[in-house]
Amino acid sequence: LTTVNFPCFEPCERLAFFCLRPISLNMSSLVDHPDRNVIRVQLGQNTVLQGITAAQTAELEALLVVVDCHKGDSLLQQGVHEMEQYFILEGILKRVVTNQAGKEMILRFADERDMETSYAAWRLGTPTPYSTVCVTKVRVAKLALVDWASFLARHDSIKQSFEYSVMRLMSEIMAHTITLHLLDAPGRVKRFLRKQPELFERIPKKELASYLNLSAETLSRLKQRGKI
């Protein structure tokens with residue numbers, strides 16, 4: 001998503017002050033990782049990578065780095081030009097945008113078998129319009145977006161599937177943003193339960209409340225009163 005969608009949230013270098021600072025992360029190339037056999041199975045279950053051939057898998061694996069990080073760690077900062085493609089192996093990530101006043105808006109959550117990307121911004125040549133932050137302890141496999149784009153250019157069927165996924169994610173984020181204005185508090189929670197029921201008990205309630213534009217107290221009260 002861009003400033004066209006969220007004009008009050010400006011994805012530029014001036015916002016770097018408000019973004020979470022990256023930290024030193026535990027990284028290892030996939031081919032040298034002690035858990036590489038398990039990770040290969042996890043990658044094969046990723047929605048973007050399902051069905052790719054053994055040769056394509058081997059080509060991609062040579063480019064991948066496995067990263068282990070903790071809750072609150074920032075994988076990607078808002079307002080930067082160096083971007084990466086992430087395949088989530090374990091844990092939950094959030095996509096969050098920050099305005100000049102330091103106010104945050106969570107755009108989406110993503111967990112195992114999903115991916116996180118700033119492909120649209122990379123294609124447009126613009127800075128990242130959001131940060132990617134760990135909601136829980138997370139393990140991802142990543143590569144530079146320029147390398148991912150080169151890989152896609154060599155494999156058109158994967159590129160088509162990936163770009164469809166990017167468009168679907170953007171559509172889902174837009175639909176969520178609209179429902180924040182159109183639905184009441186119970187309606188927002190029920191929509192989340194319908195769309196991502198597997199995440200309801202895994203996401204800290206403070207984070208979930210923020211995503212739904214509620215206070216943590218309101219979310220708790222709705223649950224206690226049986227309205228969700």
Any salt bridge linking [X] with [Y]? Criterion: basic side-chain nitrogen under 4.0 Å from a carboxylate oxygen.
X: Lys223; Y: Glu201; result: yes
X: Glu207; Y: Lys94; result: yes
X: Glu116; Y: Arg108; result: yes

Indicate yes or no for a side-chain donor-acceptor contact from Asn46 to the backbone of Asp114 under 3.5 Å, with no hydrogens or angles considered.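 Yes.
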Is a donor on one side and an acceptor on the other found under 3.5 Å between the side chain of Thr117 and the backbone of Tyr119?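 Judged by distance alone, yes, a pair lies under 3.5 Å.
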To the nearest 0.5 Å, what is the distance between [atom1] ([X]) and [atom2] ([Y])?
X: Thr132; Y: Gln78; atom1: OG1; atom2: CD; result: 10.5 Å
X: Gln160; Y: Leu152; atom1: CD; atom2: CG; result: 11.0 Å
X: Leu145; Y: Tyr86; atom1: CG; atom2: OH; result: 8.5 Å
X: Leu212; Y: Leu219; atom1: CG; atom2: CG; result: 7.0 Å

Give a yes/no verdict on a cation-pi contact between Lys206 and Tyr211, requiring under 6.0 Å between NZ or CZ and the six-membered ring centre and an angle within 45° of the axis.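 The answer is no; the distance or angle limit is not met.
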Is there a path of hydrophobic side-chain contacts, each under 4.5 Å between heavy atoms of I/L/V/M/F/W/Y residues, joining Met167 to Ile158?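 Per the 4.5 Å side-chain linkage, Ile158 and Met167 are not co-clustered.
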Assigning hydrophobic clusters by single linkage (Ile, Leu, Val, Met, Phe, Trp, Tyr; side-chain heavy-atom cutoff under 4.5 Å), is Leu180 placed with Ile173?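 Same hydrophobic cluster.
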side-chain contact (heavy atoms from CB on, under 4.5 Å) between Leu49 and Gln42: does it pass, once the steps are laid out? CA-CA 10 Å; Leu49 303 178; Gln42 292 172 318; over 6 Å; no
Is the closest side-chain heavy-atom distance between Arg36 and Arg40 below 4.5 Å?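 In contact.
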Report yes or no: do Tyr164 and Arg168 form a side-chain donor-acceptor pair below 3.5 Å?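 Per modelled atom types, Tyr164 and Arg168 side chains form no pair under 3.5 Å.
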Any salt bridge (Lys or Arg N to Asp or Glu O under 4.0 Å) involving residues 147-161? Give me the pairs, sequence neighbours left out, ordered by first then second residue.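 Passing the test, one end in residues 147-161: Glu59-Arg154.
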Taking all heavy atoms of Met83 and all of Thr128, pick out the closest pair and write down the distance.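 Scanning both residues completely, I find the closest heavy atoms to be CG-CG2, 3.5 Å.
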Which pairs, with at least one residue in residues 46-68 and sequence neighbours excluded, count as a ring pair (Phe, Tyr, Trp, His ring centres under 6.0 Å)?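 The answer is none; no pair qualifies.
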